[in-house]
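Computed from a prediction, not measured in an experiment: that's the story for all the values here. All values below were derived from every heavy atom in this structure, side-chain atoms included, with hydrogens, water molecules and symmetry-related copies excluded.
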Amino acid sequence: MSVLTAADSQWMARALQLAERGLYSTSPNPRVGCVLVKDGAMLAEGWHERAGEPHAEVHALRAAGDRARGATAYVTLEPCSHHGRTPPCADALVKAGVARVVVAAQDPNPLVAGQGLDKLRAAGIEAECGLMEAQARQLNIGFFARMARGMPWVRSKIAASLDGRTALNNGESKWITGEAARHDVQHWRARSCAVLTGIGTVLADDPQLNVRDIPTSRQPLRAVVDSALRLSADARLLRQPGVVVYTATTDVGRIGPLERAGAEVRALPDGKGQVDLHAVLRDLGSRGCNEVLTEAGRTLNGALLRGGLTDELVLYFAPQLLGDTARGMARMGELISLDQRTDLEWADVRHVGKDLRVLARVKEG
């Protein structure tokens, strides 16, 4: 194995930039970038644009042609070794005659999981893994989560006053945060495979939960937790295809109108009259959802947090106070000991317009 250099880091950083171009489009596949370098100069580059189309390595190899022989390939995720919708990228690199492959992170997919690297080494190609791994994993945090546990990365978006209130006691909540914050939410929707909400939010706001004002080739699945099927077939949510309603009832009289309106209805009861949220997330994982954005009220937010199902919070704090009678972020129930608290880790804090955006990870355990 050769010693990794500053130049290696430079080219991998470029590959990560390319991978990020697929932020809104590659689902259910990971976001991957590739750069081909020879004699210190870039030959070609590529990135995976959308599922079913060529992977990053193939785009770069096609652009380089015969010049790829003897080159070094910088790839943000281990080249695939199996036949999926497209042929194995490891085979393409071997056939092209590259001399060296530098990989950021091993593919967590059990169909690959080191086999791509093994195939390269068996062909006499020098293959190294681990350069800028943290950045590559972060870019595909949902893909890694789904491969590890069969459930997506769950990110809850909450807009609140500085004292943590999301609505007045009478339900009024438009608008606590400003226009810039609301536009920023569109980016989180666009990168998500699904937007999850509760029936209370739908009844109160009649939202669409689609991506607006941002160019994207796909819309996220819209998922509604609705135990008793109170969703109206006239809801704005149903004006576009791609809605699944999770319920605890099998009442065909309620299911029929929603299905005729275009919704898919799935009964996933928990045995207590509510929807089994673990089953919901397993179902979303089985659909290839890597990242799920929760846009809900305190009931669903609280249930997800209590169930240990929320991974990250996207909190938009407005510079205002709403007082102790206003509604809180999450219905957690009364805590009688600080040992019952939910501990967080700050991931990012920045201004978005007049508001403050805080990304906080839920600490494991």
>> Using side-chain heavy atoms (C-beta onward) and a distance below 4.5 Å, is Val37 in contact with Val35?
In response: yes

>> Could you check whether any side-chain heavy atom of His48 comes within less than 4.5 Å of a side-chain heavy atom of Arg21, counting everything from C-beta outward?
In response: no

> Run the side chain to side chain contact (heavy atoms under 4.5 Å, CB included) check on Val112 and Gln106 step by step: do they pass?
Replying inline: CA-CA 8 Å; Val112 184; Gln106 181 174 300; over 6 Å; no

> Does the side chain of Asn290 pick up a donor-acceptor pair with the side chain of Arg146 at under 3.5 Å?
Replying inline: yes

>> Atom NZ of residue position Lys95 - does it have more than 12 heavy atoms of other residues, nucleotides or ligands inside 6.0 Å?
In response: no

>> Within a 6.0 Å radius of atom CG on Leu335, are there more than 12 heavy atoms belonging to other residues, nucleotides or ligands?
In response: yes

>> Tell me if a side-chain donor or acceptor on Glu45 pairs with a main-chain N or O of Ala15 at a distance below 3.5 Å.
In response: no

> Has the side chain of Arg222 got a donor or acceptor atom that lies under 3.5 Å from a matching backbone atom of Gln240?
Replying inline: yes

> Hey, are the side chains of Asp343 and Arg341 touching, using non-hydrogen atoms and a 4.5 Å cut-off?
Replying inline: yes

> So which heavy atom on Leu18 is nearest to which on Gly33, and how close?
Replying inline: CB-CA, 4.2 Å

> Does anything in residues 181-209 pair up under ring-ring contact (aromatic ring centres under 6.0 Å, His included), and if so which pairs, sequence neighbours excluded?
Replying inline: His183-His187

> Which atom names give the shortest non-hydrogen contact between Ser25 and Ser217, and what distance separates them?
Replying inline: CB-OG, 3.8 Å

> If you group Ile, Leu, Val, Met, Phe, Trp and Tyr whenever their side-chain heavy atoms sit less than 4.5 Å apart, what else falls in with Leu309?
Replying inline: Met151, Val154, Leu196, Leu221, Val225, Val244, Tyr246, Leu268, Val275, Leu277, Val280, Leu281, Leu284, Val292, Leu300, Leu304

>> For a 4.5 angstrom cut-off between non-hydrogen side-chain atoms, does Glu128 reach Glu126?
In response: yes

> Which atom pair, heavy atoms only, marks the closest approach of Pro30 to Phe143?
Replying inline: CD-CE1, 3.7 Å

>> Checking side-chain contact (heavy atoms from CB on, under 4.5 Å) between Arg155 and each of Leu293, Asp311, Thr310, which is the one that passes?
In response: Leu293

> If we only count heavy atoms from C-beta on, is the Val103 to Leu77 side-chain gap below 4.5 Å?
Replying inline: no

> When Leu231 is tested against each of Val265, Thr247, Leu258 for side-chain contact (heavy atoms from CB on, under 4.5 Å), which residue passes?
Replying inline: Leu258

> Should Val314 and Ile158 count as side-chain neighbours, where that means a heavy-atom distance under 4.5 Å?
Replying inline: no

>> Does Asp348 have more than 12 heavy atoms from other residues, nucleotides or ligands lying within 6.0 Å of its CG?
In response: yes

> So which heavy atom on Gly273 is nearest to which on Ser227, and how close?
Replying inline: O-CB, 3.7 Å

> Is Leu139 close to Leu23 at the side-chain level, that is, under 4.5 Å between some pair of heavy atoms?
Replying inline: yes

> Is the shortest heavy-atom distance from the side chain of Asn301 to the side chain of Met329 under 4.5 Å?
Replying inline: no

> If every non-hydrogen atom of Ala56 is compared with every non-hydrogen atom of Gly46, which pair is closest and at what distance?
Replying inline: CB-O, 3.7 Å

> Looking only at heavy atoms, what is the nearest atom pair of Gly328 and Arg298, with distance?
Replying inline: O-CB, 3.5 Å

> Under the side-chain hydrogen bond (donor to acceptor under 3.5 Å, both in side chains) rule, what pairs show up with a residue in residues 57-79, not counting sequence neighbours?
Replying inline: Asp8-Tyr74

>> For a quick check under 3.5 Å, do Ser161 and Asp163 share a side-chain donor-acceptor pair by atom type?
In response: yes

> CD of Glu179: more than 12 outside heavy atoms within 6.0 angstrom?
Replying inline: no

